[in-house]
> 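Quick one: this structure, given as C-alpha cells, is what I'll be asking you about.
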Amino acid sequence: MPTIQSAREDFPILSRTIHDKPLIYFDNAATTQKPRAVVEKIVNGYYDVNANVHRGVHFLSQLATEAHENARKTVQGFLNARRSHEIVLTRGTTEAINLVASSFADACMSAGDEVIVSVMEHHSNIVPWQLQAARKGITLKVIPMNDRGELDMEAYRELFSERTRLVSVTHVSNVLGTVNPVKEIIGEAHRRDVPVLIDGAQAVPHIRVDVQDLDADFYAFSAHKIYGPTGIGVLYGKEEWLDRIPPYQGGGEMIATVSFEQTTFNELPYKFEAGTPDYIGSTALAEALNYVSRLGIEAIAAHEHELLQYAVKGLQSIEGIRFFGQSEKKSSVVSFLVGDIHHYDMGMLLDRLGIAVRTGHHCAQPLMQRLGIEGTVRASFAFYNTKAEVETFVESVERVLKMFDK
Ligand code: PLP
C-alpha cells in the first residue's frame, strides 16, 4: 500500500538529475510524472494482451476488450457516474470539449444563441466555442472575476438570457489555482434549464469529484494530469445529453449499420468513439486512478495544501513579489512575478538549478489580459513533492534575484 511518504519511490524520474542538480519537478499542472505501475501496465499491455478490441472472437481480443471495458468502469467509479456508458474515452480534455462544442452546437444551437464561459478559461475551453461561433453565429459571454481570482457570481447570474444554451467553465484554474464553486454554478444554470460542461483537467488530480453530486451535464479531464498516460482522457456526459447530441467523428466502431444509402449509429458510448480506441491507454488510466484511490484523494489534497502554504509563506518575504490567485479555495498552484524580472528569465535560471517550473501565458491569454501581464512563473505541486523541495525552490528564487542584483 503506497503512502504519501513512500510514494515518491514509485516515480523513477524523480531521482534523476538536471544540470547536475537533483530534479525538483514543479510543473505538475502541465503534466504529472508516472508511477511504475502505470508504465508497467502499458508495457505489459503490449507484451501480453495486445489485440484490437470489440468484435474479435479470438481469446486475446476478448481479453483486451474486457480490460478496456473494465477501465471504463474504473473511471465510472472514480467520478461516481451513474452508468459506465456515460464515460466516453477521448484523446484528452481538449478533444472532450471540442466534441461537446461541435455536437452540442449542431443539435441545440442556432445563430444568436449564447454560451457562458469564464475569464479564467484555458484556451481549450474558449477556442472550440469560437470555432462554433464562426460556424453557427453563436456568442460567448464571459464571467468576470475579482482581484483575488474568484468568479463574480452576481455578474454570472446577470449573464443569463433567454438565448443562453450552455455554461462551460473550469473547475480549477490552471493559472490561479482557484477552485470555482461549480456546484453553485451548475445549480444556477439548472434553475434556468441550461446544461453545464465542467473542464476538470486541473480538478480531478487534486479534489474528489462526484459528477452526480455536482449534477454536471458534461465533465472532462485528461489522464496525463493525473499520473496516467498522454493521449487519453474522459468525457463524462449524462445519458440524456449524450443521446441527444450527434456523433462527433465518423468511422469504425461508432456505427450500427452502414450502407451507401443510410448509416445508423452505435449505442452509447461507442457512438462517440470512432476508430480503434486507445485500449492500452485506457487500462493505464485505470491503473493511475486506482493508484490515486489507494493513496486517497483527501490525503493527497492535504499534503498538497501544506506544500502550497509552505511555498507562499517562504516566497512572500521576497521584496517585490506579486502573487496571482489568492482565492479562499485554492489548489496547489503558485503563480507569481518578482519586480520587473521576466518570467522566462526566472524560469530559465531556475532550470539551471534543477527546478522545473512553467512560465508564460499558460494557454490562458484572456486571463493574462485581465491581469494586465504577459505571463507568470508557475510552480505547481503534486503529492510526491516535499517540503524540502519547496525550501530549495524558495532559496533558488532568492539566488536568481541576487543574480539580477535585487
Ligand atoms: N483545461 C485546463 C484547465 C488545463 O489546465 C488544460 C491543460 O493544461 C487543458 C484544459 C487541456 O488539457 P489537454 O491538453 O490534456 O487536453
Side-chain angles (χ1 to χ4, degrees), residues 25-34 38 75 88-102 115 117-131 142-143 145 149 151 167-182 185 196-207 209 216 218-236 248 272 278 281-282 284-285 288-289 304 324-325 327 329-335 356-368 370 375-382:
Y25 187 77
F26 282 174
D27 195 17
N28 294 287
T31 200
T32 52
Q33 300 302 344
K34 320 302 170 198
V38 167
V75 177
V88 177
L89 295 167
T90 65
R91 280 197 305 123
T93 309
T94 302
E95 192 182 52
I97 298 174
N98 274 277
L99 186 164
V100 178
S102 169
V115 175
V117 297
S118 88
V119 67
M120 63 176 78
E121 298 309 315
H122 188 279
H123 295 162
S124 295
N125 195 25
I126 300 173
V127 185
W129 302 109
Q130 288 177 328
L131 292 178
V142 183
I143 314 170
M145 65 176 200
L151 290 182
V167 174
S168 190
V169 293
T170 194
H171 197 159
V172 173
S173 159
N174 64 317
V175 178
L176 309 166
T178 311
V179 180
N180 286 319
V182 286
I185 288 172
V196 182
L197 182 156
I198 301 292
D199 171 354
Q202 297 293 343
V204 166
H206 305 290
I207 50 184
V209 172
F218 300 101
Y219 196 100
F221 76 93
S222 300
H224 72 98
K225 293 193 195 280
I226 182 164
Y227 316 104
T230 52
I232 188 161
V234 170
L235 172 67
Y236 158 81
Y248 175 52
F272 294 105
D278 186 358
S282 61
L285 162 61
L289 297 182
E304 290 174 349
F324 300 93
S327 152
K329 286 186 112 186
K330 192 173 145 98
S331 85
S332 52
V333 170
V334 189
S335 268
V357 292
R358 189 140 296 241
T359 59
H361 55 63
H362 314 296
C363 294
Q365 286 183 1
L367 175 60
M368 296 299 126
R370 161 65 179 81
T376 72
V377 182
R378 180 187 73 184
S380 52
F381 311 120

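Atoms within a ligand are numbered from 1 in the order they appear, just like the ligands themselves.
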> Can you sort out the partners of D278 under salt bridge (charged side-chain N to carboxylate O under 4.0 Å, His left out), two or more places apart, ordered by chain and number?
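Scan of D278 (salt bridge (charged side-chain N to carboxylate O under 4.0 Å, His left out), adjacent residues dropped) gives none.
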
> If you count every heavy atom of other residues, nucleotides or ligands that lies below 6.0 Å from R370 atom CZ, does the total exceed 12?
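Correct, the count exceeds 12.
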
> Is there any protein N/O under 3.5 Å from an N/O of ligand 1, and what does the full list of such pairs look like?
residue, atom, partner, partner atom, Å
ligand 1, 1 (N), D199, OD1, 3.2
ligand 1, 1 (N), D199, OD2, 2.5
ligand 1, 5 (O), Q202, NE2, 2.7
ligand 1, 8 (O), H122, NE2, 3.4
ligand 1, 8 (O), K225, NZ, 2.6
ligand 1, 15 (O), S222, OG, 2.7
ligand 1, 15 (O), H224, NE2, 2.7
ligand 1, 16 (O), T93, N, 3.4
ligand 1, 16 (O), T94, N, 2.9
ligand 1, 16 (O), T94, OG1, 2.5

> How many angstroms lie between CZ in F324 and NE2 in H362, if you round to the nearest 0.5 Å?
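These two atoms lie 9.5 Å from each other.
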
> Going by ring pair (Phe, Tyr, Trp, His ring centres under 6.0 Å), name the residues that satisfy it together with F381, two or more places apart in sequence or in a different chain.
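F381 satisfies ring pair (Phe, Tyr, Trp, His ring centres under 6.0 Å) with F26 once adjacent residues are dropped.
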
> According to side chain to side chain donor-acceptor pair (under 3.5 Å), who are the partners of N125, at least two apart in sequence or on a separate chain?
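N125: side chain to side chain donor-acceptor pair (under 3.5 Å) contacts with E121, W129, S168.
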
> Give a yes or no on whether the ring-centroid distance for H123 and H361 is below 6.0 angstrom.
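For H123 and H361, the ring centres are under 6.0 Å apart.
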
